[in-house]
There are 2 protein chains.
Amino acid sequence: MSIQLGCGVDTATLDRHSVVPLYYQIQQRLLEQIRSGALKAGEPVPSEQEIAARLGVSRMTARQAVKSLCHLGVAYSQRGKGTFVSGAKLEKNFRQVLSFSEEMEARGAQPRSRVLAFKRIHPNEQVAEALHLSPAEEIIFLRRVRIADSAPLCIEATHLPARLCPKLLENFEPSGSLYRVLGERYGLQVHMADEVAEASVATGAEAKLLRIRGRSPVFRFTRTAYLHNGQPIEFVKSTYRGDRCKVVNRLTRQLEIIS
Amino acid sequence: MSIQLGCGVDTATLDRHSVVPLYYQIQQRLLEQIRSGALKAGEPVPSEQEIAARLGVSRMTARQAVKSLCHLGVAYSQRGKGTFVSGAKLEKNFRQVLSFSEEMEARGAQPRSRVLAFKRIHPNEQVAEALHLSPAEEIIFLRRVRIADSAPLCIEATHLPARLCPKLLENFEPSGSLYRVLGERYGLQVHMADEVAEASVATGAEAKLLRIRGRSPVFRFTRTAYLHNGQPIEFVKSTYRGDRCKVVNRLTRQLEIIS
DNA sequence: GACAACCAGTCATATAGACCTCTTGTGCCG
DNA sequence: CGGCACAAGAGGTCTATATGACTGGTTGTC
């Protein structure tokens with residue numbers, strides 16, 4: 001097996017004094033080979049032993065790098081045979097929570113917003129339950145039409161516990177990225193989210209805002225986002241134009257949950 | 001920290017001669033404590049060192065067990081502080097490919113089917129491309145109305161490369177579980193799938209089959225499933241009643257991809 | 001030619017020990 | 001009393017080593 005692990009290009013060896021972990025450097029190198037086509041779908045990734053020998057690391061470190069490819073879904077292992085590159089490519093951005101702005105930027109579109117409302121209010125029952133609040137506790141309510149490449153894409157209604165982000169009304173320019181402000185100014189990092197999608201049709205008011213015809217197909221998303229400690233930080237209801245978006249999912253089949 | 005790792009119930013120690021890996025036994029034990037409420041959301045999981053000392057395993061093994069909880073999404077680690085139980089519970093069945101039958105059984109509904117078509121045909125362009133076939137190569141086509149708890153839930157059109165499952169027309173009773181037959185009789189195991197969901201409205205013919213009104217909201221799913229080696233095994237188009245289903249997603253936010 | 005035994009290569013699991021960074025609490029000193 | 005230093009405890013990374021189990025091919029026998 002003559003997989004080149006850098007032969008000829010071996011000026012790019014590992015940086016053992018970097019703060020970047022060795023296994024991560026190796027992972028990136030393997031991903032690069034897959035991206036570039038040097039490793040094609042179905043071909044075996046270099047074995048743990050080969051990586052360990054070639055790069056002068058322990059087998060456990062090589063193993064950690066290879067295993068991470070499996071976790072990412074770009075490869076799969078077969079005991080006794082080897083580790084092979086998965087069929088379809090796709091490497092990031094699945095299974096991740098991304099804010100609207102981040103998602104648009106990731107795919108090269110320009111995000112913009114039209115702010116419809118930005119105020120403190122009392123939550124309704126559904127919001128209070130999702131955010132684990134008493135109805136007396138106030139929330140920040142933000143309603144925006146989100147625009148991608150100059151055309152409306154969705155209407156988004158965000159609810160945040162006011163207690164967790166005091167003075168947000170002054171600190172946040174509401175056409176920008178909310179996640180960025182929450183992270184940078186309040187130290188609130190979204191860790192995980194539950195999201196429910198429903199198929200529906202647009203109401204008259206929605207259709208007007210989205211510039212589509214009434215009763216056109218739309219997605220309705222309901223998302224609750226949580227901090228590391230499990231505390232709800234955000235409850236969002238959004239309505240996406242059905243003609244401008246799809247929900248893409250990558251599913252794996254692991255009936256036994258390993259590692 | 002007085003987390004009981006089995007104190008009093010320590011008759012249930014680890015089985016070191018079992019074929020079940022130690023880390024998996026530990027993982028299951030921790031999951032059980034979370035399920036039972038002995039470990040609540042936000043509380044720290046026993047530290048790696050504590051597990052290692054209590055159960056007499058190495059720290060690496062304890063670590064593997066704890067880490068697996070993070071991969072499952074039921075816990076999260078903070079360097080220098082500890083590993084903590086995540087807020088919302090949910091433990092399986094996300095991120096997994098499930099067949100219709102499996103999914104219905106998992107939630108306690110009774111799956112049934114009404115077969116509309118089951119035959120060999122030539123693929124159209126879209127199907128041929130998805131399954132990596134030439135238009136000359138035949139496929140098995142199966143169209144069913146899938147029924148859950150006595151009411152129609154979706155219309156499903158499945159396309160399989162005929163080459164991979166010869167004599168399926170004779171071997172498969174088409175109201176049963178296709179994945180089961182593919183696995184048991186042909187050794188074909190679905191490993192991964194890409195799925196796209198779109199929001200739409202029902203056509204007249206669909207509405208009739210699903211027993212809903214015309215132009216009611218529906219989901220349209222397009223799924224391509226792959227074997228371990230990346231070979232496409234199945235292409236499915238399905239139309240789900242919007243009033244009877246939701247798409248639930250659990251997303252995590254890991255901007256740095258670890259392990 | 002069929003079948004069993006063996007072997008080499010591979011991943012899976014497990015152990016022990018080392019060193020690092022990060023967080024938190026404690027206690028001393030100014 | 002405030003602030004700094006330090007130690008303890010936690011997870012993160014890495015090395016070295018060993019054993020087990022599965023796969024595929026080879027070899028040898030019948």
Side-chain angles (χ1 to χ4, degrees), chain A residues 1-3 13-28 30 43-71 75-86 187 189 228-229 254 256-259, chain B residues 1-3 13-28 30 43-71 75-86 187 189 228-229 254 256-259:
Chain A
M1 185 184 317
S2 67
I3 308 292
T13 45
L14 301 180
D15 180 356
R16 306 188 86 91
H17 303 95
S18 165
V19 292
V20 179
L22 283 176
Y23 80 86
Y24 190 78
Q25 293 181 42
I26 301 172
Q27 182 212 70
Q28 290 299 313
L30 292 169
E43 287 183 351
V45 169
S47 76
E48 297 169 358
Q49 302 187 355
E50 183 177 351
I51 293 175
R54 292 239 197 181
L55 298 181
V57 297
S58 81
R59 223 194 95 195
M60 288 300 284
T61 303
R63 177 174 172 71
Q64 199 175 1
V66 172
K67 210 169 160 187
S68 72
L69 297 183
C70 300
H71 281 304
Y76 60 95
S77 286
Q78 282 188 16
R79 191 172 178 153
K81 291 183 69 178
T83 301
F84 304 86
V85 178
S86 291
Q189 284 170 343
H228 272 286
N229 59 14
Q254 306 171 315
E256 283 290 79
I257 293 167
I258 307 291
S259 161
Chain B
M1 188 183 316
S2 67
I3 308 294
T13 45
L14 301 179
D15 181 356
R16 305 188 85 92
H17 303 95
S18 164
V19 292
V20 179
L22 283 176
Y23 78 88
Y24 190 79
Q25 293 180 43
I26 300 172
Q27 182 213 70
Q28 289 300 312
L30 292 170
E43 286 184 353
V45 170
S47 76
E48 298 169 357
Q49 304 195 5
E50 184 177 352
I51 294 174
R54 291 239 196 182
L55 298 181
V57 297
S58 76
R59 201 191 124 198
M60 288 299 281
T61 303
R63 176 174 171 70
Q64 198 174 0
V66 172
K67 211 168 158 187
S68 72
L69 297 183
C70 300
H71 281 305
Y76 60 93
S77 287
Q78 283 186 17
R79 188 175 183 152
K81 290 181 71 176
T83 301
F84 304 85
V85 178
S86 291
Q189 283 171 344
H228 272 286
N229 59 16
Q254 305 171 316
E256 282 290 81
I257 293 166
I258 308 292
S259 160

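Numbered from 1 within each chain, the chains take letters A, B, ... in sequence-line order.
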Output the rounded distance in Å from CG (B/Asp15) to P (C/dA14).
11 Å
Each nucleotide of nucleotides 15-25 of chain C classed B (base within 4.0 Å of a protein heavy atom), S (only sugar-phosphate) or -, in 5' to 3' order, makes BB-B--BBSS-
Mind checking the NZ-CD spacing from A/Lys67 to A/Glu48? Nearest 0.5 Å is all I need.
9.5 Å
If only side-chain N and O atoms of A/Thr83 are considered, is one of them under 4.0 Å from the OP1 or OP2 phosphate oxygen of C/dT10?
no
Both B/Val19 and B/Glu48 contact DNA chain D. Which one's nearest nucleotide lies toward the 5' end?
B/Glu48
Would you give the length of the straight line joining atom CD of A/Gln64 to atom CG of A/Leu69, rounded to the nearest 0.5 angstrom?
11.5 Å
Check whether any side-chain N or O of A/Arg63 sits under 4.0 Å from OP1 or OP2 of C/dA12, and answer yes or no.
yes
Atom CG of B/Leu55 to atom C1' of C/dA14: distance rounded to whole Å?
14 Å
Just to confirm, is there a sub-4.0 Å distance from OP1 or OP2 of D/dA10 to any side-chain nitrogen or oxygen of B/Ser77?
no
Please state how far atom OH in A/Tyr76 lies from atom C1' in C/dT10, giving the value in whole angstrom units.
15 Å
If we only count heavy atoms from C-beta on, is the B/Leu55 to B/Leu22 side-chain gap below 4.5 Å?
no
Return the value, rounded to whole Å, for the distance between atom CD of A/Gln64 and atom P of D/dC14.
7 Å
In whole Å, what is the span from the CD atom of B/Glu43 to the P atom of D/dA10?
16 Å
Could you tell me which non-hydrogen atom of B/Cys70 sits nearest to which non-hydrogen atom of B/Thr83, and how far apart they are?
SG-CG2, 4.2 Å
Side-chain N,O (A/Tyr23) to OP1/OP2 (D/dT13) below 4.0 Å
yes
Spacing between B/Ile51 atom CD1 and D/dA10 atom C1', to the nearest angstrom
13 Å
Find out whether A/Leu30 and A/Pro46 are in side-chain contact, i.e. whether some heavy atom of one side chain is under 4.5 Å from a heavy atom of the other.
yes
Distance check needed: D/dG11 C1' versus B/Glu50 CD, whole Å only.
14 Å
Which whole-number value in Å describes the distance from B/Gln25 CD to C/dT13 P?
12 Å
Within the distance-only criterion (no hydrogens, no angle test), does the side chain of B/Gln25 pair as donor or acceptor with the backbone N or O of B/Val20 below 3.5 angstrom?
yes
What distance do A/Ile51 atom CD1 and A/Arg59 atom CZ have between them, rounded to the nearest 0.5 Å?
11.0 Å
